[in-house]
2 protein chains.
Amino acid sequence: MPALIADERCSVHCFDDCSLPSSSKSRKSAGDEPIAHMGKIVQYKRGAEIFGQGQPALYLYRVLTGAVRTVWISNGGRRQIRDFYLPGDYFGLEMGSAHSLSAYAIGDTQIRVINVHTIAKLTGRRKDVTHQLLQVKDDELVRLQDQTLLLNKTAEERIAWFLVRMTARSETQKFITLPMPRKDVAEHLGLTIETVSRTMRQLESAGLIKSLSRRRIQVLNDEALRKLVS
Amino acid sequence: MPALIADERCSVHCFDDCSLPSSSKSRKSAGDEPIAHMGKIVQYKRGAEIFGQGQPALYLYRVLTGAVRTVWISNGGRRQIRDFYLPGDYFGLEMGSAHSLSAYAIGDTQIRVINVHTIAKLTGRRKDVTHQLLQVKDDELVRLQDQTLLLNKTAEERIAWFLVRMTARSETQKFITLPMPRKDVAEHLGLTIETVSRTMRQLESAGLIKSLSRRRIQVLNDEALRKLVS
DNA sequence: CGAGTCTTTGAGGGGAGTCAATTCGTGTGG
DNA sequence: CCACACGAATTGACTCCCCTCAAAGACTCG
């Protein structure tokens, strides 16, 4: 196993480390993220596997730029996209010693790779580290819970939920840039790409959103969108 | 907050403490369950709330007799049965400090209530306690993962999955006793009670199962049932 | 034995999947 | 810079599975 040493080296992209809203709304201040700048920065090419299902979980990851998808493949071979991780998000933290899912870079992606052993050593004397570690785990559980709820909803509700969520995680609240193709969105929401496309068109006809380009969406009526999620 | 003291008192029902197969197949030996006999035994009446969503999570629970359902109510008011817990199963362990869901006794139920603080104090010097605690958390995560997969399947696959799962958790592998009404099964699988009923009839017509009574089911073709889950 | 709940069964409709064709967008090479 | 090619995305027609609504039947408990 390669020994990744914690360093404080900061790349040109570090400017956004503390400015982006995280997936969870329960983050109080941006200052109490001791893990945020730990670890080593690694570049991943488009489509590259970051870790695979069943591999030992040795690192905690944090997206700096780009985007990541985690994929769960059931024993029956069914493929499901568990979640997307955007700049500022942590992923790769597992309950057990092995990864229960795989992670791939969606586009070219820059990631901080933090040795969990390094974190574990800190948890003893650094209470803030322990706290953040639990926070990261909580966020992960919330993601999972959200998805189980999601799968009982209609296509329109799912798409609305997805858009609202992406809006909340985007720095520009009105314009969303989707890093992933339609296929990924569909597999994440438990729909087909055709239904995703149709439902989005439907929301556009209703005047809730506006499709600027293939991967750019403008939110026209944020309130109505949120009401659909209910 | 009521202080529940750990005791080793064992009721007449303790005979099955280590004999029942747990939800997870990764349980090695029955001996390494130090938490199994901890805590105080409490009786719950049919339908009684064991804990509620949002309440502080102070205890770990273990079903001795009867059955428990955990219910998740979304902010939109949608109701979803997260899972059922049978004799031998642990529940109520949360990542954070508050319960993210509610728990109810399905029938009259006997439960061991273990103070998490008592466990926490042991984790320092008892490695087996720590290990089992992680195991319980893992089991919970697996339950959640299974359900997300489930909701992308057809009604027939869901029912088959449910029956196979109940079979595996039953001491008599061929005869299943469902402690919960059809409504609970439906809400757990994301179906309606009518679809549950129809699909079961369909499986019975195909010769896979036989409905003995309202809540007793005989598995005739276990292999075919498992193949449906795939 | 009867009231009430739980369950089953039926008919009909709607939403999402499937299959197939077209358009759009992106990257490549001339 | 344009033409081409390939994959991604859209759009349409059709089907099917499950939900909805409604009624009848079965079990449980007083």
Side-chain angles (χ1 to χ4, degrees), chain A residues 45-47 67 69 78-81 104 106-108 150-163 176-206 209-218 228 230, chain B residues 45-47 67 69 78-81 104 106-108 150-163 176-206 209-218 228 230:
Chain A
K45 285 235 169 62
R46 177 172 122 81
R69 65 161 166 262
R78 232 186 199 91
R79 190 164 175 272
Q80 184 194 64
I81 290 183
Y104 299 90
I106 295 176
D108 290 352
L150 185 75
L151 296 172
N152 281 329
K153 303 187 182 210
T154 66
E156 192 180 45
E157 288 171 319
R158 296 186 204 195
I159 296 290
W161 174 86
F162 176 73
L163 291 177
I176 316 171
T177 302
L178 302 179
M180 73 294 287
R182 289 284 183 278
K183 190 189 172 201
D184 282 3
V185 177
E187 283 189 52
H188 177 49
L189 300 178
L191 300 170
T192 59
I193 53 172
E194 294 94 329
T195 301
V196 170
S197 182
R198 264 187 274 265
T199 307
M200 282 204 168
R201 164 82 40 219
Q202 188 180 320
L203 289 177
E204 188 171 8
S205 301
I209 60 172
K210 181 165 171 54
S211 178
L212 301 178
S213 80
R214 183 169 285 192
R215 300 219 175 153
R216 293 279 301 170
I217 293 173
Q218 181 181 0
L228 276 180
S230 77
Chain B
K45 287 235 167 61
R46 178 173 122 81
R69 65 161 166 263
R78 232 187 197 91
R79 192 166 173 272
Q80 184 193 63
I81 290 182
Y104 300 89
I106 295 176
D108 291 351
L150 185 74
L151 296 171
N152 281 329
K153 303 187 180 206
T154 67
E156 192 179 44
E157 288 172 319
R158 297 188 202 194
I159 296 290
W161 175 86
F162 176 73
L163 292 176
I176 316 172
T177 302
L178 302 178
M180 73 294 287
R182 289 284 183 279
K183 189 189 172 201
D184 282 3
V185 177
E187 284 189 50
H188 179 222
L189 301 179
L191 300 170
T192 60
I193 54 173
E194 295 95 328
T195 301
V196 170
S197 182
R198 265 186 272 265
T199 307
M200 282 202 168
R201 165 88 32 226
Q202 187 179 321
L203 289 176
E204 189 170 9
S205 301
I209 61 172
K210 182 168 169 54
S211 178
L212 302 177
S213 79
R214 184 168 283 192
R215 300 223 176 150
R216 294 275 303 168
I217 294 174
Q218 182 181 2
L228 276 180
S230 77

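Naming convention: chains lettered A, B, ... in sequence-line order (proteins, then strands); numbering from 1 in each chain.
Listed by chain and residue number, A/R78 satisfy the salt bridge (charged side-chain N to carboxylate O under 4.0 Å, His left out) test with B/E157 (two or more places apart in sequence, or in another chain). Taking the side chain to side chain donor-acceptor pair (under 3.5 Å) definition, one finds that A/Q80 meets it with nothing, sequence neighbours left out. Checked against salt bridge (charged side-chain N to carboxylate O under 4.0 Å, His left out), A/R182 has no partners two or more places apart in sequence or in another chain. Under the salt bridge (charged side-chain N to carboxylate O under 4.0 Å, His left out) criterion, A/R198 pairs with no residue, sequence neighbours left out. Under the side-chain contact (heavy atoms from CB on, under 4.5 Å) criterion, B/E187 pairs with B/R79, B/I81, B/K183, not counting sequence neighbours. A/R216 meets the side chain to side chain donor-acceptor pair (under 3.5 Å) test with A/T177; sequence neighbours excluded. Under the salt bridge (charged side-chain N to carboxylate O under 4.0 Å, His left out) criterion, B/R201 pairs with B/E204, sequence neighbours left out.
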Side-chain donor-acceptor pairs of residues 189-197 of chain A under 3.5 Å, sequence neighbours excluded:
{"unit_1": "A/T192", "atom_1": "OG1", "unit_2": "A/T195", "atom_2": "N", "d": "3.3"}
{"unit_1": "A/T192", "atom_1": "OG1", "unit_2": "A/T195", "atom_2": "OG1", "d": "3.0"}

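Backbone-only engagement by B/R201 is indicated by non-hydrogen atom pairs under 4.0 Å involving sugar-phosphate atoms exclusively. Nucleic acid contact for A/S213: none, since no nucleic acid atom lies under 4.0 Å from a heavy atom of the residue.
Across every non-hydrogen atom of B/I106 and B/R46, the tightest pair is O-CG, 3.4 Å. Listed here is the closest heavy atom pair of A/I176 and A/L163: CD1-O, 3.7 Å.
With a heavy-atom cut-off of 4.0 Å to chain B, the contacted part of DNA chain C has its first and last nucleotide at C/dC6 to C/dA11.
End-to-end axis angle for the helix from C/dC1-D/dG30 to C/dG30-D/dC1, using five pairs per end and rounding to 10°, comes out at 40°.
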Please write out each protein N/O paired with an N/O of nucleotides 28-30 of chain D under 3.5 Å, distance rounded to 0.1 Å.
none

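Listed in residue order, the members of residues 188-195 of chain A having a heavy atom less than 4.0 Å from DNA chain C are A/G190, A/L191, A/T192, A/E194, A/T195.
By the 30° and 60° cut-offs, the orientation of the rings of B/W161 relative to B/H188 is tilted.
The distance from atom CG of B/L151 to atom CG of A/L150, rounded to the nearest 0.5 Å, is 9.5 Å.
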